[in-house]
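Structure first, then comments.
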Number of protein chains: 2
Amino acid sequence: MALRYALLGLLTERPASGYDLAKAFEGDLGRYAWQAGHNRIYPELARLVDEGLIERAEEGARGRRVHTITAAGFAELRAWLLQPLVSGAVRNEGVLRLFLLSALDPDDARKLLHEIVTHAEQELARLKDTVSGETPVSPEGRLDFGWLAAGYGLRQYEASRDWAVWALGEFDKAERRQAGRHPAA
Amino acid sequence: MALRYALLGLLTERPASGYDLAKAFEGDLGRYAWQAGHNRIYPELARLVDEGLIERAEEGARGRRVHTITAAGFAELRAWLLQPLVSGAVRNEGVLRLFLLSALDPDDARKLLHEIVTHAEQELARLKDTVSGETPVSPEGRLDFGWLAAGYGLRQYEASRDWAVWALGEFDKAERRQAGRHPAA
DNA sequence: TCTGGATAGGTCCGTATTGACATATCCAAG
DNA sequence: CTTGGATATGTCAATACGGACCTATCCAGA
C-alpha cells in the first residue's frame, strides 16, 4: 500500500515517467524510506491510472509516458499523510544487524561497531554537502523532497554514529565487569 | 533472507519457541528493525531445522517446541553480520510519510510536523526509562538485545524530533520568502 | 465448575516484491 | 557509420509477506 503513496507523492513534485520515478527511489528516498524497482513501479502506475488517481500522457520519445497526479489522487495522498500516526511496516536490514550485534563475541562486535562509525562519518560528509548546498525550494516555493530527506538522513547517521560509540563504551564496561568477576588466571 | 538471521540472532540469546520469537518482534526489534508474525515465523523455523541451523526439542506443555541454534547456525549468522556493510532492504512507512510531507500545503504539513514532535517526545520518555532502568547484561555477561535496541531507538527518536523541528523552521522560512515575493494584496 | 485470557501451534489465500529476462530508441564519441 | 551507454517500458516465475482463519491447552479467578 505504501508504494502507491510514494508514487503519488513524487508526482506532486512534477509529472514523471516510470523511469524517472524508478530513479527517484535510488536516492535518499530509497535509502531511508521505501524501495521499488521499475518492475514494481510500472504495474502500480497502471493501477493508479485505472483508479483515476493519476493521468497518463501520450507516448513521447522512446515510448516515454509522463504521469500527472489528479485531484482525486492528491486527496488520497493527503488522507494517508494526515491519518493518525501509526507505526506501519518497518524493515531495515542494517538496523537489524545492529540489534543482533551482541550475538557476536566482543572482538567481532567491536570490529563491526568501528565499521559502523566509519561508514556513518562518510555518509555524514556526503549529506552535509547536500543539505548545505542544494537550493531548498522548488520553483513554486515548496520545499524539495530530496532536501528534506537529506536532512533526515543527516540526523539519522548522527544518531547511528552516536549509538555505535555508546555501544562500544558499553561493551568495554561489560568486559571490565566480566574481568573483575573472573580475575586473570 | 533477513528473517532467518533475526531468528538465529534471537536464538543466540536463549532457546525459544515460535511463540516466544513472535513476541520478541513486538518490541523495539519489530519497531525499528524487522517485523514478522507467527505465520511467517513457523515456516521459517521449519526451514532452519531442515537446514540444520537450529534444533528443535520435543514437545512440552501445550505443544511448545523449543528451538536452539546449532554451531552451523551460529557460523551462518556470524558470516552475515560480518559481511561488508551494504545498505540492504529498507522499508519504513513512517519515514516515507515524513519525506512526502512537502506535498501538503504548509498548514497541513505543519500540523503533521507538530504531531511528529509530540509523538517523538512520548517515545523518548518511554525509552529513557528502559535504557536507564534495565540491567544491561545477560547472565553470561553479554549485552541484552532489547537494551541495545532501546538505546538505538532513543537516538533515533531524538533525530526524528530534531528533524521535525528543523523542518518546521524551514517551512517558516520558505513561507516568509514566498510572502516577500508576493506581498500581501 | 466454568470462563476468559494467555500460551502455543498451524494453514491458506491473495497480494507484494524481487530477480531475471526481453525489447526498443536516442545520442554522443570514436 | 557503428557501437556502447543511457533512456524507456514491459513480462514472468518464484518467493516473501500479511490478514484471516482455525485448533487446542493451561491456569487463575469468579
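Note: hydrogens, waters and symmetry copies are ignored here, and every other heavy atom, side chains too, is used. Note on naming: letters A, B, ... go to the chains in the order of the sequence lines (proteins, then strands), and numbering restarts at 1 for each one. In this text, all values refer to a predicted model and were calculated from it rather than measured experimentally.
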ask   = Below 4.0 angstrom from OP1 or OP2 of D:dC26, is there any side-chain N or O of B:Arg64?
value = no
request  = Would you classify A:Arg47 as touching base, sugar-phosphate or nothing, given that sugar-phosphate means primed atoms plus P, OP1 and OP2, and contacts are heavy atoms under 4.0 Å?
outcome  = sugar-phosphate
key: Residue B:Trp34, side-chain heavy atoms: nucleotide from D:dC17, C:dA16, D:dC26 that is nearest   = D:dC17
remark   = Against the side chain of A:Arg56, the closest entry in D:dG10, C:dT17, D:dT7 is D:dG10
Just the atom pairs and distances: protein N or O near nucleotides 21-23 of chain D's N or O, under 3.5 Å.
none

Sequence neighbours excluded - salt bridge (Lys or Arg N to Asp or Glu O under 4.0 Å) pairs with any residue from residues 54-74 of chain B = B:Asp20-B:Arg64
ask   = Taking NZ from B:Lys23 and P from C:dA8, how many angstroms apart are they, rounded to a whole number?
value = 6 Å
message = Does D:dG18 have its OP1 or OP2 closer than 4.0 Å to a side-chain nitrogen or oxygen of B:Arg91?
response = no
Closest to the A:Tyr42 side chain, choosing from C:dG10, D:dG18, D:dT9 = D:dT9
task = Quick one: label B:Arg40 by what it contacts on the DNA or RNA (base, sugar-phosphate, nothing), any heavy atom closer than 4.0 Å.
result = base
task = Of all the heavy-atom pairs spanning B:Gly52 and B:Ala72, show the shortest one and how long it is.
result = O-CB, 4.0 Å
request  = Measure the CD-CG distance between A:Glu158 and A:Leu127 for me, rounded to the nearest 0.5 Å.
outcome  = 9.5 Å
inquiry  = OP1 or OP2 of D:dT7 versus the side-chain N and O atoms of A:Tyr19: is any pair under 4.0 Å?
reply    = yes
message = For A:Ala36 and B:Val66, find the nucleotide of DNA chain C closest to each by heavy atoms; which residue's nucleotide sits nearer the 5' end?
response = B:Val66
ask   = If you check the B:Ser17 side chain, which of D:dC17, D:dA16, C:dA8 turns out closest?
value = C:dA8
request  = Let me know the distance between NE2 of B:His67 and C1' of C:dA8, rounded to the nearest Å.
outcome  = 12 Å
request  = Answer yes or no: side-chain N or O of A:Asn39 and base N or O of D:dG10 forming a donor-acceptor pair under 3.5 Å.
outcome  = no
ask   = Are any side-chain N or O atoms of B:Arg155 and backbone N or O atoms of B:Gly151, one a donor and one an acceptor, separated by less than 3.5 Å?
value = yes
Residues 100-109 of chain B side chain polar contacts: donor-acceptor under 3.5 Å, at least two apart:
unit_1   : atom_1 : unit_2   : atom_2 : d
B:Ser102 : OG     : A:Leu143 : O      : 3.2
B:Asp108 : OD1    : A:Arg78  : NH2    : 3.1
B:Asp108 : OD2    : A:Arg78  : NE     : 2.5
B:Asp108 : OD2    : A:Arg78  : NH2    : 3.0

request  = Describe the nucleic acid contact of B:Gly37 in one word from base, sugar-phosphate, nothing, applying a heavy-atom distance below 4.0 Å.
outcome  = nothing
query = Can you tell me how far OH of A:Tyr19 sits from CD1 of A:Ile41, rounded to the nearest 0.5 angstrom?
reply = 11.5 Å
query = Do A:Leu7 and A:Val49 belong to the same hydrophobic cluster, where Ile, Leu, Val, Met, Phe, Trp and Tyr are linked whenever their side-chain heavy atoms lie under 4.5 Å apart, directly or via other members?
reply = yes
